[in-house]
Amino acid sequence: MRQLTIGCAQLGPIQKADSREVVVERLIALLESAGKAEAKLVVFPELALTTFFPRWYMEDQREVDAWFETEMPNAVTRPLFDRARDLKIGMVLGYAELTPEGRHFNTAILTDAESNIIAKYRKVHLPGHAEFDHDRAFQHLEKRYFEPGDLGFPVTRAHGGIMGMCICNDRRWPETYRVMGLQGVEVIMLGYNTPSINSQQASEGPEARLFHHRLSLQAGAYQNSTWVVAAAKAGDEDGYPLIGGSLIVDPDGYIVAEAETEGDELLVHACDLDRCNFGKTTIFDFARHRRIEHYGLITSQTGAIAPPEQ
Ligand code: CDT
């Protein structure tokens, strides 16, 4: 048995006016709870330091850049890193990254028990749109504020296992899990901000959003025989609701822990990483069963091309 106790730290809403300092205090409180529960690794949400700012249309680049971090840790987040080091807890932390070259990414980092950053992931699948859309009840401007991640889907040997990350919309794409599955991933960790209303599909309420969320995570876990830990930013941010439903899924695709609230809430589960072995050596033994001669379209084409009508 290779046991890793993981905390999944859901955050309730962060309002536009909330300071990062106040948010960091909330993150530290969740970290303290994780320490009491003997967690060795805690997963925080996507863009965990601020409100989900891509819902706000901005033209002034200085206003945009104010939502981004130019270094990590920085003066505001250092107390979080210091407390994590005291408690010997690793973290996955999502934030908006502005590089020295002026590039903007939706990023997550993984730290070790000494709070060293040991892996970085930049969100690949950016949903939404780049220009103001008058037909939408609310905007989702990730394509305006971020460029697609340039690091692929790396995995890292850390915390006694093979660890991978993705962010929010990435979880809906089977390619995300499979690329990490092909590197033997044992824990996929992610944060998300998922609106619970959609102006273009008014019939799709929060229940449908939660259904598709669970469906994606459970399928990804099962088909790649990996643990999946997904932490929400949830609840009502300035009148814009986000789903909760933070989850831990086992390598058979079963949910072993699920948030009950839309507030700050910690889930903890003792994950046996050896549970990944069965699926990886039987039904999803990739080396024996995958037929890559038939998968070329996956990487040679993006959109669907239907055959011509007869
Ligand atoms: N943050 C994020 O990626 N949210 C998307 C919303 C898609 S609707 C424009 C998600 O897939 O949950």
Side-chain angles (χ1 to χ4, degrees), residues 8-14 16 23 43-58 64 67-68 92-97 104-108 121-149 151 153 165-177 188-220 228-247 249 258-259 262:
C8 177
Q10 176 173 289
L11 276 176
I14 301 174
K16 200 178 180 185
V23 176
V43 180
F44 290 115
E46 173 190 35
L47 302 176
L49 301 173
T50 66
T51 197
F52 186 68
F53 67 85
R55 72 168 65 87
W56 302 109
Y57 180 76
M58 295 173 273
V64 174
W67 295 103
F68 284 74
V92 170
L93 180 69
Y95 64 98
E97 178 192 12
H104 299 75
F105 295 104
N106 187 340
T107 295
Y121 171 73
R122 291 172 171 158
K123 186 175 184 178
V124 166
H125 300 100
L126 297 175
H129 48 107
E131 298 303 328
F132 192 89
D133 183 345
H134 293 274
D135 294 332
R136 287 176 177 257
F138 60 91
Q139 306 297 303
H140 195 109
L141 291 153
E142 287 196 60
K143 286 195 193 296
R144 182 178 186 83
Y145 301 133
F146 303 114
E147 58 179 289
L151 302 174
F153 295 98
M165 293 181 278
C166 65
I167 298 178
C168 195
N169 190 261
D170 290 321
R171 77 195 190 284
R172 305 189 191 277
W173 299 90
E175 295 87 347
T176 298
Y177 303 87
I188 294 178
M189 303 165 290
L190 65 117
Y192 61 97
N193 286 260
T194 295
S196 64
I197 51 169
N198 179 335
S199 56
Q200 274 139 15
Q201 282 175 281
S203 61
E204 188 179 84
E207 270 317 308
R209 285 289 164 107
L210 283 166
F211 171 75
H212 291 133
H213 160 71
R214 292 188 193 104
L215 184 69
S216 303
L217 297 173
Q218 292 181 258
V228 175
V229 180
K233 179 131 66 58
D236 188 319
E237 291 193 336
D238 296 296
Y240 296 93
L242 299 166
I243 64 166
S246 298
L247 291 178
V249 185
E258 184 164 15
E262 291 188 344

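Indexing begins at 1, ligand by ligand and atom by atom, following the structure's order. Here the structure is a predicted model, which is why all the values come from computation and not from measurement.
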- Mode of His213 contact toward ligand 1 - side chain, backbone, both, neither (heavy atoms, under 4.0 Å):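 Neither part.
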Candidate with minimal heavy-atom separation from [atom], of [options]:
| atom | options | answer |
| --- | --- | --- |
| atom 7 (C) of ligand 1 | Gly94, Pro127, Ala232 | Pro127 |
| atom 5 (C) of ligand 1 | Ser196, Cys168, Gly191 | Cys168 |
| atom 3 (O) of ligand 1 | Arg55, Arg136, His212, Lys123 | Lys123 |

*Does any N or O in the side chain of Lys233 come within less than 3.5 Å of the main-chain N or O of Ala48, such that one atom is a donor and the other an acceptor?*
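Not at all, since once roles are kept as given, no pair shorter than 3.5 Å links the two residues.
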*asked:* Treating Glu46 as the side-chain partner and Asn193 as the backbone partner, does any N or O pair qualify as donor plus acceptor under 3.5 Å?
replied: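 Yes, because the side chain of Glu46 sits within donor-acceptor range (under 3.5 Å) of the backbone of Asn193.
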| said: Under the rule for side chain to side chain donor-acceptor pair (under 3.5 Å), what residues qualify as partners of Tyr121, not counting sequence neighbours? | reply: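 Partners of Tyr121 under the side chain to side chain donor-acceptor pair (under 3.5 Å) test: Asp170.
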Notebook entry, point to check: Is the closest side-chain heavy-atom distance between Arg209 and Pro195 below 4.5 Å?
Noted result: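 Counting from C-beta outward, Arg209 and Pro195 do come under 4.5 Å.
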Against heavy atoms of [X], which atoms of ligand 1 measure under 4.0 Å?
| X | value |
| --- | --- |
| Thr194 | 10 (C), 12 (O) |
| Arg171 | 12 (O) |
| Arg172 | 10 (C), 11 (O), 12 (O) |
| Glu142 | 1 (N), 2 (C), 3 (O) |
| Phe52 | 1 (N) |
| Glu46 | 1 (N) |

Notebook entry, point to check: Of all heavy-atom pairs between Tyr192 and Gly244, which one has the smallest distance, and what is that distance?
Noted result: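 Minimum heavy-atom contact is OH-O, 2.6 Å.
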Without hydrogens or angle criteria, can the side chains of His213 and Arg171 be said to hold a donor-acceptor pair below 3.5 Å?
->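 Yes, Arg171 and His213 have a side-chain donor paired with an acceptor closer than 3.5 Å.
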May I ask you to decide if the ring planes of Tyr240 and Trp56 are parallel, tilted or perpendicular, using 30° and 60° as cut-offs?
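The arrangement is perpendicular - the two ring planes meet at more than 60°.
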- Given His129 and Glu131, is the side-chain hydrogen bond (donor to acceptor under 3.5 Å, both in side chains) satisfied, shown in steps? CA-CA 6 Å; His129 48 107; Glu131 298 303 328; over 6 Å; no
May I ask you to check if ligand 1 and Arg209 share an N or O to N or O distance below 3.5 Å?
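Arg209 vs ligand 1: no N/O contact under 3.5 Å.
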